[in-house]
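Here is the naming used below: chain letters follow the sequence lines, and residue numbers restart at 1 for every chain.
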There are 2 protein chains.
Amino acid sequence: MATKAGVTAREIEVFDRFTAQRGLRHSRPRRDILCTFLDEDRHLTADEILRLARRRNPRVGVATVYRTMKLLTESGLCRELRIEDGAVRYEHLFGHGHHDHLICSQCGRLEEVVDPAIERLQDRLCEQKGFVADHHRLEIYGRCRTCAGFRKTPPRQRSVRRGESR
Amino acid sequence: MATKAGVTAREIEVFDRFTAQRGLRHSRPRRDILCTFLDEDRHLTADEILRLARRRNPRVGVATVYRTMKLLTESGLCRELRIEDGAVRYEHLFGHGHHDHLICSQCGRLEEVVDPAIERLQDRLCEQKGFVADHHRLEIYGRCRTCAGFRKTPPRQRSVRRGESR
DNA sequence: TATGATATTGATAATCTTTATCAATATTCA
DNA sequence: TGAATATTGATAAAGATTATCAATATCATA
(Lines give C-alpha, C1' and ligand atoms only; values in the text may rest on other atoms or scores of the structure.)
Protein backbone atom coordinates (compact mmCIF):
# COMPACT_ATOMS: atom_id res chain seq x y z
CA MET A 1 0.00 0.00 0.00
CA ALA A 2 1.02 3.58 0.50
CA THR A 3 3.74 4.82 2.82
CA LYS A 4 3.85 3.16 6.21
CA ALA A 5 2.69 5.25 9.12
CA GLY A 6 5.58 6.74 11.04
CA VAL A 7 8.17 6.34 8.33
CA THR A 8 7.91 9.93 7.26
CA ALA A 9 11.34 11.37 8.00
CA ARG A 10 12.55 11.22 4.46
CA GLU A 11 9.34 12.59 3.01
CA ILE A 12 9.60 15.54 5.34
CA GLU A 13 13.16 16.01 4.23
CA VAL A 14 12.06 16.01 0.61
CA PHE A 15 9.40 18.57 1.37
CA ASP A 16 11.83 20.75 3.29
CA ARG A 17 14.17 20.78 0.34
CA PHE A 18 11.28 21.66 -1.91
CA THR A 19 10.11 24.56 0.23
CA ALA A 20 13.64 25.87 0.72
CA GLN A 21 14.17 25.84 -3.01
CA ARG A 22 11.06 27.91 -3.48
CA GLY A 23 11.71 30.27 -0.65
CA LEU A 24 8.63 29.11 1.24
CA ARG A 25 8.32 29.26 5.01
CA HIS A 26 7.55 26.62 7.59
CA SER A 27 4.08 26.78 9.03
CA ARG A 28 2.22 24.77 11.57
CA PRO A 29 -0.90 24.07 9.43
CA ARG A 30 1.23 22.93 6.53
CA ARG A 31 3.13 20.54 8.73
CA ASP A 32 -0.07 19.21 10.26
CA ILE A 33 -1.55 18.49 6.86
CA LEU A 34 1.65 16.93 5.62
CA CYS A 35 1.85 14.60 8.61
CA THR A 36 -1.82 13.73 8.31
CA PHE A 37 -1.27 12.72 4.74
CA LEU A 38 1.94 10.81 5.43
CA ASP A 39 0.52 8.92 8.39
CA GLU A 40 -2.38 7.53 6.43
CA ASP A 41 -2.10 4.61 4.08
CA ARG A 42 -5.40 5.03 2.32
CA HIS A 43 -6.05 7.23 -0.68
CA LEU A 44 -7.77 10.19 0.94
CA THR A 45 -10.00 12.90 -0.48
CA ALA A 46 -9.39 16.55 0.37
CA ASP A 47 -12.32 16.45 2.73
CA GLU A 48 -11.00 13.39 4.52
CA ILE A 49 -7.62 15.03 4.90
CA LEU A 50 -9.26 18.14 6.32
CA ARG A 51 -11.15 16.14 8.95
CA LEU A 52 -8.09 14.18 10.00
CA ALA A 53 -5.87 17.24 10.05
CA ARG A 54 -8.33 18.98 12.34
CA ARG A 55 -7.82 16.30 14.94
CA ARG A 56 -4.27 17.55 15.22
CA ASN A 57 -5.11 21.16 14.74
CA PRO A 58 -8.77 22.21 14.76
CA ARG A 59 -7.98 25.56 13.20
CA VAL A 60 -6.89 24.16 9.85
CA GLY A 61 -8.99 25.51 6.98
CA VAL A 62 -10.14 23.97 3.71
CA ALA A 63 -8.16 26.32 1.54
CA THR A 64 -4.94 25.38 3.25
CA VAL A 65 -5.59 21.72 2.62
CA TYR A 66 -5.99 22.33 -1.09
CA ARG A 67 -2.99 24.65 -1.13
CA THR A 68 -0.81 22.18 0.70
CA MET A 69 -1.85 19.20 -1.37
CA LYS A 70 -0.99 21.18 -4.46
CA LEU A 71 2.46 21.81 -3.06
CA LEU A 72 2.89 18.16 -2.19
CA THR A 73 1.92 17.25 -5.71
CA GLU A 74 4.42 19.68 -7.15
CA SER A 75 7.13 18.39 -4.85
CA GLY A 76 6.55 14.89 -6.17
CA LEU A 77 5.33 13.47 -2.87
CA CYS A 78 1.83 12.80 -4.04
CA ARG A 79 -0.40 12.49 -7.05
CA GLU A 80 -4.05 13.16 -7.74
CA LEU A 81 -6.09 10.10 -8.53
CA ARG A 82 -9.34 10.46 -10.46
CA ILE A 83 -11.23 7.23 -10.58
CA GLU A 84 -14.55 6.40 -12.18
CA ASP A 85 -16.69 7.56 -9.31
CA GLY A 86 -15.54 11.11 -9.92
CA ALA A 87 -13.87 11.60 -6.55
CA VAL A 88 -10.37 13.04 -6.44
CA ARG A 89 -8.05 11.25 -4.06
CA TYR A 90 -4.45 11.87 -3.13
CA GLU A 91 -1.95 9.07 -3.26
CA HIS A 92 1.57 8.70 -1.90
CA LEU A 93 4.35 8.70 -4.43
CA PHE A 94 7.55 8.84 -2.42
CA GLY A 95 9.36 5.55 -2.16
CA HIS A 96 7.02 4.19 -4.80
CA GLY A 97 7.89 3.59 -8.34
CA HIS A 98 5.19 4.05 -10.88
CA HIS A 99 2.29 1.67 -10.38
CA ASP A 100 -1.16 0.89 -11.69
CA HIS A 101 -4.36 0.20 -9.77
CA LEU A 102 -6.78 -2.64 -9.24
CA ILE A 103 -9.95 -1.02 -7.95
CA CYS A 104 -12.65 -3.08 -6.29
CA SER A 105 -16.06 -1.75 -7.23
CA GLN A 106 -17.60 -3.52 -4.26
CA CYS A 107 -15.48 -2.53 -1.27
CA GLY A 108 -13.66 0.38 -2.85
CA ARG A 109 -10.24 -0.99 -2.07
CA LEU A 110 -7.33 0.12 -4.26
CA GLU A 111 -4.47 -2.26 -4.82
CA GLU A 112 -1.25 -0.99 -6.33
CA VAL A 113 0.35 -3.22 -8.93
CA VAL A 114 3.20 -3.16 -11.41
CA ASP A 115 3.80 -5.41 -14.35
CA PRO A 116 7.04 -4.73 -16.20
CA ALA A 117 5.88 -6.70 -19.22
CA ILE A 118 2.84 -4.46 -19.60
CA GLU A 119 5.01 -1.37 -19.25
CA ARG A 120 7.27 -2.62 -22.01
CA LEU A 121 4.39 -3.29 -24.35
CA GLN A 122 3.05 0.18 -23.69
CA ASP A 123 6.38 1.64 -24.72
CA ARG A 124 6.31 -0.44 -27.87
CA LEU A 125 2.77 0.66 -28.63
CA CYS A 126 3.74 4.31 -28.31
CA GLU A 127 6.74 3.81 -30.53
CA GLN A 128 4.53 2.30 -33.20
CA LYS A 129 2.17 5.23 -33.00
CA GLY A 130 4.89 7.86 -32.99
CA PHE A 131 3.70 8.97 -29.59
CA VAL A 132 6.21 10.29 -27.06
CA ALA A 133 4.88 9.05 -23.74
CA ASP A 134 5.41 11.03 -20.58
CA HIS A 135 3.44 8.95 -18.10
CA HIS A 136 0.31 6.84 -17.99
CA ARG A 137 -2.49 5.61 -15.83
CA LEU A 138 -3.96 2.14 -15.84
CA GLU A 139 -6.95 1.31 -13.69
CA ILE A 140 -8.57 -2.08 -13.68
CA TYR A 141 -12.05 -2.22 -12.17
CA GLY A 142 -13.65 -5.37 -10.84
CA ARG A 143 -13.83 -7.34 -7.63
CA CYS A 144 -10.88 -7.96 -5.37
CA ARG A 145 -9.92 -11.41 -4.18
CA THR A 146 -11.91 -11.00 -0.99
CA CYS A 147 -15.07 -9.62 -2.55
CA ALA A 148 -14.96 -12.05 -5.44
CA GLY A 149 -14.68 -15.04 -3.11
CA PHE A 150 -17.67 -16.83 -1.59
CA ARG A 151 -17.42 -15.25 1.80
CA LYS A 152 -20.38 -14.86 4.13
CA THR A 153 -19.23 -11.48 5.38
CA PRO A 154 -17.76 -9.22 2.74
CA PRO A 155 -15.19 -6.71 3.97
CA ARG A 156 -16.26 -3.33 5.22
CA GLN A 157 -18.60 -1.94 2.62
CA ARG A 158 -17.45 1.31 1.21
CA SER A 159 -19.60 2.96 -1.40
CA VAL A 160 -17.70 4.13 -4.43
CA ARG A 161 -20.49 6.42 -5.52
CA ARG A 162 -20.01 10.10 -6.03
CA GLY A 163 -20.45 12.29 -2.98
CA GLU A 164 -19.89 9.35 -0.68
CA SER A 165 -17.34 11.24 1.36
CA ARG A 166 -19.87 13.51 3.00
CA MET B 1 -11.72 8.09 -34.14
CA ALA B 2 -15.29 8.09 -32.92
CA THR B 3 -18.32 7.27 -35.00
CA LYS B 4 -18.37 8.81 -38.43
CA ALA B 5 -20.76 11.67 -38.90
CA GLY B 6 -23.95 10.56 -40.59
CA VAL B 7 -23.61 6.86 -39.84
CA THR B 8 -26.05 7.01 -36.98
CA ALA B 9 -28.92 4.78 -38.09
CA ARG B 10 -27.87 1.81 -36.03
CA GLU B 11 -27.09 3.84 -32.97
CA ILE B 12 -30.55 5.34 -33.12
CA GLU B 13 -31.93 1.85 -33.45
CA VAL B 14 -30.01 0.76 -30.35
CA PHE B 15 -31.32 3.74 -28.44
CA ASP B 16 -34.89 3.10 -29.58
CA ARG B 17 -34.68 -0.45 -28.33
CA PHE B 18 -33.30 0.82 -25.06
CA THR B 19 -36.05 3.37 -24.55
CA ALA B 20 -38.75 0.91 -25.56
CA GLN B 21 -37.44 -1.59 -23.04
CA ARG B 22 -37.66 1.01 -20.33
CA GLY B 23 -41.03 2.37 -21.33
CA LEU B 24 -39.56 5.77 -22.16
CA ARG B 25 -41.08 8.10 -24.70
CA HIS B 26 -39.66 9.80 -27.76
CA SER B 27 -38.98 13.47 -27.37
CA ARG B 28 -37.60 16.13 -29.61
CA PRO B 29 -34.89 17.41 -27.23
CA ARG B 30 -33.67 13.92 -26.57
CA ARG B 31 -33.38 13.21 -30.26
CA ASP B 32 -31.61 16.51 -30.87
CA ILE B 33 -29.03 15.77 -28.21
CA LEU B 34 -28.55 12.22 -29.43
CA CYS B 35 -27.95 13.39 -32.99
CA THR B 36 -25.62 16.12 -31.83
CA PHE B 37 -23.57 13.57 -29.99
CA LEU B 38 -23.60 11.04 -32.83
CA ASP B 39 -22.67 13.56 -35.49
CA GLU B 40 -19.56 14.68 -33.69
CA ASP B 41 -16.33 12.75 -33.73
CA ARG B 42 -14.62 14.56 -30.88
CA HIS B 43 -14.93 13.75 -27.22
CA LEU B 44 -17.30 16.47 -26.06
CA THR B 45 -18.02 17.91 -22.64
CA ALA B 46 -21.61 18.39 -21.48
CA ASP B 47 -21.27 22.08 -22.11
CA GLU B 48 -20.04 21.54 -25.65
CA ILE B 49 -22.92 19.19 -26.34
CA LEU B 50 -25.35 21.78 -24.99
CA ARG B 51 -24.02 24.49 -27.27
CA LEU B 52 -24.09 22.28 -30.35
CA ALA B 53 -27.54 20.89 -29.55
CA ARG B 54 -28.88 24.42 -29.27
CA ARG B 55 -27.96 25.04 -32.88
CA ARG B 56 -30.54 22.44 -33.78
CA ASN B 57 -32.96 23.39 -31.08
CA PRO B 58 -32.31 26.57 -29.08
CA ARG B 59 -34.75 25.54 -26.37
CA VAL B 60 -32.70 22.59 -25.13
CA GLY B 61 -31.75 22.97 -21.45
CA VAL B 62 -28.70 21.89 -19.47
CA ALA B 63 -30.54 19.39 -17.34
CA THR B 64 -31.80 17.54 -20.38
CA VAL B 65 -28.29 17.23 -21.73
CA TYR B 66 -27.11 15.60 -18.53
CA ARG B 67 -30.22 13.43 -18.36
CA THR B 68 -29.84 12.29 -21.94
CA MET B 69 -26.13 11.60 -21.69
CA LYS B 70 -26.85 9.48 -18.66
CA LEU B 71 -29.36 7.48 -20.68
CA LEU B 72 -26.91 7.10 -23.53
CA THR B 73 -24.33 5.83 -21.08
CA GLU B 74 -26.76 3.31 -19.65
CA SER B 75 -27.75 2.18 -23.12
CA GLY B 76 -24.12 1.43 -23.88
CA LEU B 77 -23.79 4.04 -26.61
CA CYS B 78 -21.34 6.19 -24.75
CA ARG B 79 -18.97 6.34 -21.84
CA GLU B 80 -17.73 9.05 -19.53
CA LEU B 81 -14.10 9.87 -19.86
CA ARG B 82 -12.28 11.52 -16.97
CA ILE B 83 -8.81 12.56 -17.94
CA GLU B 84 -6.16 14.27 -15.89
CA ASP B 85 -7.35 17.79 -16.49
CA GLY B 86 -10.50 17.01 -14.54
CA ALA B 87 -12.93 17.56 -17.39
CA VAL B 88 -15.59 14.95 -18.07
CA ARG B 89 -16.04 14.11 -21.72
CA TYR B 90 -18.38 11.74 -23.48
CA GLU B 91 -17.07 9.23 -25.92
CA HIS B 92 -18.75 7.01 -28.51
CA LEU B 93 -18.86 3.35 -27.76
CA PHE B 94 -21.11 1.81 -30.39
CA GLY B 95 -19.28 0.03 -33.16
CA HIS B 96 -16.13 0.32 -31.08
CA GLY B 97 -14.58 -2.45 -29.21
CA HIS B 98 -12.82 -1.55 -26.01
CA HIS B 99 -9.89 0.76 -26.54
CA ASP B 100 -7.31 2.77 -24.65
CA HIS B 101 -6.20 6.36 -25.16
CA LEU B 102 -3.11 8.25 -26.15
CA ILE B 103 -3.64 11.79 -24.93
CA CYS B 104 -1.52 14.64 -26.21
CA SER B 105 -0.84 17.10 -23.41
CA GLN B 106 0.06 19.77 -25.92
CA CYS B 107 -2.79 19.82 -28.44
CA GLY B 108 -5.31 17.86 -26.39
CA ARG B 109 -5.91 15.29 -29.09
CA LEU B 110 -7.13 11.85 -28.04
CA GLU B 111 -6.13 8.86 -30.09
CA GLU B 112 -7.88 5.56 -29.57
CA VAL B 113 -5.67 2.49 -29.57
CA VAL B 114 -5.90 -1.21 -28.86
CA ASP B 115 -3.11 -3.66 -28.21
CA PRO B 116 -4.28 -7.25 -27.79
CA ALA B 117 -0.99 -8.23 -26.19
CA ILE B 118 -1.42 -5.65 -23.46
CA GLU B 119 -4.96 -6.81 -22.88
CA ARG B 120 -3.78 -10.38 -22.46
CA LEU B 121 -1.11 -9.40 -19.97
CA GLN B 122 -3.66 -7.45 -17.98
CA ASP B 123 -5.83 -10.54 -17.74
CA ARG B 124 -2.84 -12.53 -16.59
CA LEU B 125 -1.97 -9.90 -14.00
CA CYS B 126 -5.49 -10.00 -12.60
CA GLU B 127 -5.42 -13.76 -12.45
CA GLN B 128 -2.21 -13.64 -10.47
CA LYS B 129 -3.73 -11.18 -8.04
CA GLY B 130 -6.99 -13.04 -7.67
CA PHE B 131 -8.77 -10.01 -9.05
CA VAL B 132 -11.90 -10.50 -11.17
CA ALA B 133 -11.67 -7.75 -13.73
CA ASP B 134 -14.76 -6.15 -15.16
CA HIS B 135 -13.26 -3.45 -17.32
CA HIS B 136 -10.29 -1.12 -17.33
CA ARG B 137 -9.00 2.21 -18.46
CA LEU B 138 -5.55 2.94 -19.80
CA GLU B 139 -4.51 6.47 -20.63
CA ILE B 140 -1.06 7.33 -21.87
CA TYR B 141 -0.13 11.00 -21.67
CA GLY B 142 2.58 12.61 -23.75
CA ARG B 143 2.99 14.27 -27.11
CA CYS B 144 1.39 13.02 -30.29
CA ARG B 145 3.34 12.42 -33.47
CA THR B 146 2.55 15.87 -34.74
CA CYS B 147 3.36 17.80 -31.58
CA ALA B 148 6.46 15.76 -30.87
CA GLY B 149 7.86 16.39 -34.34
CA PHE B 150 9.91 19.43 -35.29
CA ARG B 151 7.16 21.30 -37.01
CA LYS B 152 7.08 25.07 -37.31
CA THR B 153 3.34 25.27 -36.78
CA PRO B 154 1.95 22.89 -34.20
CA PRO B 155 -1.68 21.86 -34.72
CA ARG B 156 -4.50 23.93 -33.32
CA GLN B 157 -3.64 24.59 -29.69
CA ARG B 158 -6.22 23.30 -27.31
CA SER B 159 -5.69 23.87 -23.64
CA VAL B 160 -6.20 20.82 -21.50
CA ARG B 161 -6.56 22.84 -18.31
CA ARG B 162 -9.58 22.66 -16.13
CA GLY B 163 -12.42 24.95 -17.02
CA GLU B 164 -11.09 25.38 -20.51
CA SER B 165 -14.47 24.73 -22.06
CA ARG B 166 -15.90 28.01 -20.95
C1' DT C 1 -59.52 12.41 -33.03
C1' DA C 2 -60.12 13.50 -28.31
C1' DT C 3 -58.57 12.45 -23.77
C1' DG C 4 -56.43 11.13 -19.74
C1' DA C 5 -52.28 9.23 -17.51
C1' DT C 6 -47.81 10.28 -17.08
C1' DA C 7 -43.08 10.87 -19.01
C1' DT C 8 -40.39 14.88 -20.16
C1' DT C 9 -38.86 19.42 -20.20
C1' DG C 10 -36.58 23.84 -18.98
C1' DA C 11 -35.79 27.27 -15.60
C1' DT C 12 -33.92 27.67 -11.52
C1' DA C 13 -32.55 26.48 -6.91
C1' DA C 14 -29.49 23.65 -4.53
C1' DT C 15 -25.30 21.01 -3.80
C1' DC C 16 -20.56 19.92 -3.95
C1' DT C 17 -15.87 20.73 -4.98
C1' DT C 18 -12.31 23.78 -5.73
C1' DT C 19 -10.36 28.38 -6.22
C1' DA C 20 -9.98 33.50 -5.36
C1' DT C 21 -10.07 37.34 -2.13
C1' DC C 22 -8.38 39.74 1.68
C1' DA C 23 -7.54 41.35 6.25
C1' DA C 24 -5.18 39.32 10.17
C1' DT C 25 -1.30 36.66 11.64
C1' DA C 26 3.02 34.14 11.61
C1' DT C 27 7.68 33.49 9.94
C1' DT C 28 12.18 34.83 8.78
C1' DC C 29 16.11 37.53 8.50
C1' DA C 30 18.84 41.63 9.27
C1' DT D 1 13.26 43.71 17.92
C1' DG D 2 11.18 45.09 13.77
C1' DA D 3 10.27 45.22 9.02
C1' DA D 4 9.18 42.59 4.89
C1' DT D 5 6.33 39.33 3.33
C1' DA D 6 4.64 34.46 3.17
C1' DT D 7 0.70 32.15 5.11
C1' DT D 8 -3.65 31.52 7.04
C1' DG D 9 -8.71 30.97 7.65
C1' DA D 10 -13.19 32.70 6.75
C1' DT D 11 -15.84 33.53 3.25
C1' DA D 12 -17.19 34.75 -1.37
C1' DA D 13 -17.11 33.06 -5.90
C1' DA D 14 -16.91 29.96 -9.64
C1' DG D 15 -17.95 25.67 -12.10
C1' DA D 16 -20.11 21.39 -12.70
C1' DT D 17 -23.84 18.49 -11.77
C1' DT D 18 -28.22 17.26 -9.63
C1' DA D 19 -32.89 18.11 -7.55
C1' DT D 20 -37.31 20.49 -7.75
C1' DC D 21 -41.48 21.53 -9.88
C1' DA D 22 -45.01 23.55 -12.66
C1' DA D 23 -45.91 23.48 -17.59
C1' DT D 24 -45.94 20.70 -21.61
C1' DA D 25 -45.52 16.82 -24.77
C1' DT D 26 -46.26 11.99 -25.73
C1' DC D 27 -48.83 7.90 -26.26
C1' DA D 28 -52.27 4.33 -25.46
C1' DT D 29 -56.92 3.94 -25.52
C1' DA D 30 -61.54 5.04 -26.22
**OP:** Quickly work out the A:R54 CZ to D:dA10 P distance and round it to whole Å.
**Re:** 7 Å
Original post:
With a 4.5 Å limit on heavy-atom distance, are the side chains of A:I103 and A:Y141 in contact?
Top reply: yes
**OP:** Starting at atom CZ of A:R82, determine the distance to atom P of C:dC16, rounded to an integer number of angstrom.
**Re:** 19 Å
Original post:
Can you tell me how far P of C:dT9 sits from CE of B:M69, to the nearest Å?
Top reply: 14 Å
Original post:
Do any of residues 27-36 of chain B sit with a heavy atom less than 4.0 Å from DNA chain D, and if so which?
Top reply: none
Subject >> Atom pair CD/CG of B:E112 and B:D100 - distance to nearest 0.5 Å >> reply: 10.0 Å
**OP:** List, by chain and number, the other hydrophobic cluster members for B:L138, where Ile, Leu, Val, Met, Phe, Trp and Tyr join if side-chain heavy atoms come within less than 4.5 Å, directly or indirectly.
**Re:** A:L102, A:V113, A:I118, A:L121, A:L125, A:F131, A:L138, A:I140, B:L102, B:V113, B:I118, B:L121, B:L125, B:F131, B:I140
Original post:
If each of A:R67 and B:R67 is mapped to the nucleotide of DNA chain C with the nearest heavy atom, which maps nearer the 5' terminus, i.e. the 5' end?
Top reply: B:R67
Subject >> Greater than 12 external heavy atoms within 6.0 Å of A:Q128's CD >> reply: yes
Original post:
Whole-Å distance between C:dA7 C1' and B:L71 CG?
Top reply: 12 Å
Original post:
Less than 3.5 Å between a donor and an acceptor, one on the side chain of B:R25 and one on the base of C:dT6, is that the case here?
Top reply: yes
**OP:** Check DNA chain D against residues 56-66 of chain B and give the residues with a non-hydrogen atom under 4.0 Å, in numerical order.
**Re:** B:A63, B:Y66
**OP:** Could you please spell out the steps behind the side-chain hydrogen bond (donor to acceptor under 3.5 Å, both in side chains) verdict for B:H43 and B:E91?
**Re:** CA-CA 5 Å; B:H43 299 71; B:E91 126 176 294; 3.0 Å; yes
